[in-house]
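A short write-up of the structure that comes next.
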Protein chains: 2
Amino acid sequence: MRGETVFKRTFNKTLDYLTANEIGNTIPSENVLTEILKASRTTVRKVLEELQARKIIKGTAAKRVIVRHAKPTEYFPDNETVATSAQVEKKFMEWMLRGDRKAGDIVNGLELTRQFGVSTSAIREYLNRFSRFGLIERRPNSSWIIRGFTKEFALELFEVRELFETRSAIAFTSQSESSPAWQSLRKLEKEHRSLLKEISNRYHDFSDLDDRFHRLINNASNNRFIVDFYDIISLIFHYHYQWNKANEKQRNRAAILEHLDYIESLLSRDPQRVQLACKSHLNSARKTLLSSINVQALTPDEEQR
Amino acid sequence: MRGETVFKRTFNKTLDYLTANEIGNTIPSENVLTEILKASRTTVRKVLEELQARKIIKGTAAKRVIVRHAKPTEYFPDNETVATSAQVEKKFMEWMLRGDRKAGDIVNGLELTRQFGVSTSAIREYLNRFSRFGLIERRPNSSWIIRGFTKEFALELFEVRELFETRSAIAFTSQSESSPAWQSLRKLEKEHRSLLKEISNRYHDFSDLDDRFHRLINNASNNRFIVDFYDIISLIFHYHYQWNKANEKQRNRAAILEHLDYIESLLSRDPQRVQLACKSHLNSARKTLLSSINVQALTPDEEQR
DNA sequence: TATCAGTCTTTTATCGAAAAGAGACAACAA
DNA sequence: TTGTTGTCTCTTTTCGATAAAAGACTGATA
């Protein structure tokens, strides 16, 4: 009943691994591969069997050798490597954020079932998990209701974000000098500077950097609720910015500069400076999100003007 | 596949309703009953049919009349009126909080299935929903892991609680005079005073009052994330205090006094006073929770000393 | 003109099955 | 010892079926 997504993903990963090694080399033991590939040995063995069958590797279990590197066509297609649950997430976010859902609209689970081509249980499970993002609400024995990706949502999200991140940033400054967080911060600073230099070509890379930077700060809170909350922000930003490309380059450039200022304040360990930098960065992040909600909320009619 | 829990619950509720009315009275229309009983008309009709069959009511659909009041034995037993999902919650919380689960322990879904007598899906769904409480953590394609109801958990919970409630309490004071929240607050104040007078007998009633009081305050934030977060606190307190009865009377008496002080500060609309009262109350709430965790954390061996 | 009950359709809650994948154990080798 | 592979068992993921419950549509009634 389970599509072999883990197997296929692991298989592709193994091809990458083999390609990175010379032909003729011996392959690590199954146990070691388990570590490298982050899958169970059951799956690893299945992969090795398939590799033997395809004559990509040869030899007995005791000593397996790379015969050749795989052709790109031998990889499993990407869409077969993602679990149903992950597919549902992607489809649902698209349906939710791009479909112009209004507050009060009803989510018809069965309709999603048909639209997404997955079982009722998959939809049901996702809606349950998704409810923590505050965009839908359940009515027992009845359907889900959309709360809407509205201005209010963004404001509430940022109210909590600011509360949490200010606190985390201050906690960050009081970490001991030996904490690995400082090293990560310096590394991130470098990445920011190098991205800034090549901003014209690489501006898409910012969103990943942004995510890692804020996550590092929030982690300093050492509070599971604060850390978990960042998942909501991360998801919203991930999907929303994927579709709102207006002024992306300028926006990202400005954000990098703010980050650098923010990083400097953290390195100074001066709580007041940190608070200021944090607040001012989150303010512009809020503005960006709000403006893109307004764009989206326009009806086709209004957009023409 | 669905046990008739909604039907049975509605049936019991209808018996209550009929008992509150005189024999011989006409019964409201199906539509009106739908409102009163908070169930669909489909269910209401099923109930009415059953009532006819049992000769508790009589007449045609156009005019139905109460024939007699029901005997206590005619009610469906309580346990048949709760949905599987709700049963799972209760059983799981008991398993989790009383079973002395340690951080790092593994949750075996199948074992719970057997223990609780429900299907895998029911367990799965509950674990998913429960994960937002921060007590368990999922590892994809593998089992859930217990994070433990530990001192750290309580401290993290209270860190966020304090952040949220302080902000909500201050938001409370800036509500317009006409907001219904003020009326609710005054009503709660009265309830506190009357409970205080009868504290010797009615001290169990405090936990419900506590819940409503804090919920009222948190609602003033007008922020779904803050409001939703209170569900976590509410659940933890609900189950935990149900099992920790040590010094209940004194504890509750002290808490009522703190609440009254807190309410007074809210009525004064003085932010500084509010902040103080809020903080000091949450401090003692934290202490109470922490002390009961320590009691629970004792091994049987230690308890003997 | 709204509200009623009768009837029919659609959706949700719950279950159990089946396959993928994880993990445990034993026997062997280095 | 420590790590290896072969084998077996148990758990998780996903699906589809089915009964309960919700909801929509109808003509009748008042």
Side-chain angles (χ1 to χ4, degrees), chain A residues 1-10 28-35 37-49 60-64 83-88 106-114 117-128 138-144, chain B residues 1-10 28-35 37-49 60-64 83-88 106-114 117-128 138-144:
Chain A
M1 285 294 183
R2 232 166 135 171
E4 304 166 271
T5 56
V6 177
F7 163 68
K8 290 177 179 171
R9 206 180 322 140
T10 310
S29 79
E30 292 174 6
N31 283 317
V32 174
L33 283 174
T34 289
E35 284 294 308
L37 302 168
K38 308 257 181 272
S40 72
R41 197 155 71 83
T42 305
T43 303
V44 168
R45 299 191 93 225
K46 204 171 156 188
V47 168
L48 289 174
E49 220 169 293
T60 64
K63 186 184 164 111
R64 280 180 271 239
T84 311
S85 50
Q87 280 182 303
V88 172
I106 278 171
V107 181
N108 184 328
L110 264 207
E111 194 190 309
L112 294 184
T113 284
R114 290 174 220 122
V118 298
S119 73
T120 47
S121 326
I123 295 288
R124 193 180 164 75
E125 172 162 341
Y126 186 71
L127 291 176
N128 256 316
R138 146 178 267 145
R139 294 177 308 166
N141 290 316
S142 183
S143 43
W144 292 86
Chain B
M1 286 294 182
R2 228 166 141 174
E4 305 167 271
T5 56
V6 177
F7 163 67
K8 289 177 180 172
R9 205 178 324 139
T10 311
S29 78
E30 292 176 4
N31 283 315
V32 174
L33 283 174
T34 289
E35 284 293 310
L37 302 168
K38 308 262 182 266
S40 73
R41 198 155 72 83
T42 306
T43 303
V44 168
R45 299 190 93 227
K46 205 172 156 188
V47 168
L48 289 173
E49 221 169 293
T60 65
K63 185 185 164 108
R64 278 182 273 240
T84 310
S85 50
Q87 280 183 304
V88 172
I106 278 172
V107 182
N108 185 326
L110 263 208
E111 194 189 309
L112 294 184
T113 283
R114 290 176 221 120
V118 297
S119 72
T120 48
S121 326
I123 295 290
R124 193 179 164 75
E125 172 163 343
Y126 185 71
L127 291 177
N128 258 315
R138 143 179 268 145
R139 293 178 309 167
N141 291 315
S142 184
S143 43
W144 292 85

Measuring from [X]:[atom1] to [Y]:[atom2], what's the distance to the nearest 0.5 Å?
{"X": "B:S119", "Y": "B:R124", "atom1": "OG", "atom2": "CZ", "result": "11.5 Å"}
{"X": "B:R114", "Y": "B:I123", "atom1": "CZ", "atom2": "CD1", "result": "11.0 Å"}
{"X": "A:R41", "Y": "A:L33", "atom1": "CZ", "atom2": "CG", "result": "11.0 Å"}

Assign [X] to base, sugar-phosphate, or nothing according to its heavy-atom contacts below 4.0 angstrom with the strands shown.
{"X": "B:N141", "result": "sugar-phosphate"}
{"X": "A:V88", "result": "nothing"}
{"X": "A:A83", "result": "sugar-phosphate"}
{"X": "A:R9", "result": "nothing"}
{"X": "B:S121", "result": "base"}

[options]: which one has an atom nearest the side-chain heavy atoms of [X]?
{"X": "B:T42", "options": "C:dT14, D:dA22, D:dT5", "answer": "D:dA22"}
{"X": "A:R64", "options": "D:dG16, D:dT5, D:dA20", "answer": "D:dT5"}
{"X": "A:T84", "options": "C:dC4, D:dA21, D:dT14", "answer": "D:dT14"}

What integer distance in Å separates [X]:[atom1] from [N]:[atom2]?
{"X": "B:E49", "N": "C:dT7", "atom1": "CD", "atom2": "P", "answer": "11 Å"}
{"X": "A:N108", "N": "C:dT9", "atom1": "CG", "atom2": "P", "answer": "17 Å"}
{"X": "A:Q87", "N": "D:dC15", "atom1": "CD", "atom2": "C1'", "answer": "14 Å"}
{"X": "B:L48", "N": "C:dC4", "atom1": "CG", "atom2": "P", "answer": "13 Å"}
{"X": "B:R124", "N": "C:dC15", "atom1": "CZ", "atom2": "P", "answer": "15 Å"}
{"X": "B:W144", "N": "D:dC10", "atom1": "CH2", "atom2": "C1'", "answer": "19 Å"}
{"X": "B:L110", "N": "D:dC10", "atom1": "CG", "atom2": "P", "answer": "10 Å"}
{"X": "A:E35", "N": "C:dG23", "atom1": "CD", "atom2": "P", "answer": "12 Å"}

Hey, which of these two, A:A62 or B:T43, hits DNA chain D nearer its 5' end, going by closest nucleotide?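 It is A:A62 whose nearest nucleotide is closer to the 5' end.
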Take B:I106 and A:A122, find for each the nucleotide of DNA chain D with the closest heavy atom, and name the residue whose nucleotide sits nearer the 5' end. B:I106
If you find the nucleotide of DNA chain C closest to A:G3 and the one closest to B:S143, which residue's nucleotide is nearer the 5' end? A:G3
Could you check A:R41 against A:S142 and say which one's nearest nucleotide on DNA chain C is further toward the 5' end?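 The residue closer to the strand's 5' end, by nearest nucleotide, is A:S142.
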Give a yes/no answer on whether the side chain of [X] brings an N or O atom under 4.0 Å of OP1 or OP2 in [N].
{"X": "B:S40", "N": "D:dA22", "answer": "yes"}
{"X": "A:R114", "N": "C:dT11", "answer": "yes"}
{"X": "A:K46", "N": "C:dA20", "answer": "no"}

Does the pair A:K38 and A:R9 meet the rule for a side-chain contact (heavy atoms from CB on, under 4.5 Å), with working shown? CA-CA 11 Å; A:K38 308 257 181 272; A:R9 206 180 322 140; over 6 Å; no
Should A:R139 and A:I106 be marked as a side-chain contact (heavy atoms from CB on, under 4.5 Å) after you check the CA-CA gap, both sets of side-chain angles, and the distance that decides it? CA-CA 10 Å; A:R139 294 177 308 166; A:I106 278 171; 4.0 Å; yes
Do the side chain of A:R2 and the base of D:dT12 come within less than 3.5 angstrom through a donor-acceptor pair of N or O atoms? yes
So which heavy atom on A:T10 is nearest to which on A:A39, and how close? OG1-CB, 3.8 Å
